[in-house]
Undergrad: 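Below are the C-alpha cells for one structure; questions will follow.
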Amino acid sequence: MQSKEQIYSSLQEILVELFEIPVEDISLESNLYQDLDLDSIDSVDLVLKLQDVTGVKVKPEDFKQVRTVQDVVNAVHQLLEK
C-alpha cells in the first residue's frame with residue numbers, strides 16, 4: 001500500500017507529465033480547476049492515468065467531490081485501502 005506522501009509524489013509527476021503544470025505550482029491545497037486550470041476532460045484523463053498507476057478501477061462517483069490535490073490524494077488512498 002502506498003502512503004499519502006507517495007500518492008502525492010506520483011500525482012505531482014502525473015500533473016507535470018500530462019498537463020505540463022510546473023511542479024512548484026502544485027501543492028496539497030491547489031484547486032484542480034482554479035489553481036491548476038484543469039477542465040472536465042482533463043479530470044477524465046487524470047482518472048484514467050490514476051487507474052493505470054494504481055491498478056484500481058476508479059468510478060467517476062468516487063471523484064465527484066474532488067476539488068483539491070489533497071482530495072485526490074485522499075480519494076486514491078481510500079481506493080487503495082479497499
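This structure is a prediction, so every number in the text was calculated from the model and none was measured.
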Undergrad: Under the side-chain contact (heavy atoms from CB on, under 4.5 Å) criterion, do Leu36 and Asn31 qualify, and how do the steps go?
TA: CA-CA 6 Å; Leu36 303 181; Asn31 184 290; over 6 Å; no
Undergrad: As an exercise, state the distance from CZ of Phe19 to CD1 of Ile26, rounded to the nearest 0.5 Å.
TA: 10.0 Å
Undergrad: Roughly how far, to the nearest 0.5 Å, is CD of Glu29 from CG of Asp71?
TA: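 Interatomic distance, Asp71 CG to Glu29 CD, rounded to 0.5 Å: 11.0 Å.
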Undergrad: Do Val23 and Ile21 land in one hydrophobic cluster if side-chain heavy atoms of ILVMFWY residues count as linked below 4.5 Å?
TA: yes
Undergrad: Output the distance between atom OG (Ser30) and atom CG (Asp37), rounded to the nearest 0.5 Å.
TA: 12.5 Å
Undergrad: Go through the steps to decide whether Gln78 and Lys82 satisfy the test side-chain contact (heavy atoms from CB on, under 4.5 Å), and finish with yes or no.
TA: CA-CA 7 Å; Gln78 282 183 325; Lys82 290 184 181 177; 5.6 Å; no
Undergrad: How long is the straight-line distance from NZ of Lys4 back to CD of Gln70, given to the nearest 0.5 Å?
TA: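 If I round to the nearest 0.5 Å, the distance is 6.0 Å.
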Undergrad: Would you name the heavy atoms of Gln2 and Ser10 that are closest together and state the gap between them?
TA: NE2-OG, 4.2 Å
Undergrad: In Å, rounded to the nearest 0.5 Å, how long is the span from CG of Asp25 to CD of Gln12?
TA: 11.0 Å
Undergrad: Side chains of Leu15 and Leu38, heavy atoms from C-beta outward: is any pair under 4.5 Å?
TA: yes
Undergrad: So which atom in Ser27 and which in Tyr8 form the shortest heavy-atom distance, rounded to 0.1 Å?
TA: CA-OH, 3.3 Å
Undergrad: Is any side-chain heavy atom of Leu32 less than 4.5 Å from a side-chain heavy atom of Val69?
TA: yes
Undergrad: Distance-only check: which donor-acceptor pairs under 3.5 Å involve side-chain atoms of residues 45-56, not counting sequence neighbours?
TA:
residue: Gln51; atom: OE1; partner: Val58; partner atom: N; Å: 3.0
residue: Thr54; atom: OG1; partner: Leu50; partner atom: O; Å: 2.7
residue: Thr54; atom: OG1; partner: Val56; partner atom: N; Å: 3.1

Undergrad: Identify the heavy atoms of Asp42 and Asp39 that sit nearest to each other, and give their distance.
TA: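 Taking every non-hydrogen atom into account, N-OD1, 2.8 Å.
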Undergrad: Using the rule that two of Ile, Leu, Val, Met, Phe, Trp, Tyr join whenever any of their side-chain heavy atoms come within less than 4.5 Å, decide whether Val44 and Tyr33 are in one cluster.
TA: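 Different hydrophobic clusters.
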Undergrad: Decide yes or no for Leu79 and Phe63: does some side-chain heavy atom of the first lie under 4.5 Å from some side-chain heavy atom of the second?
TA: yes
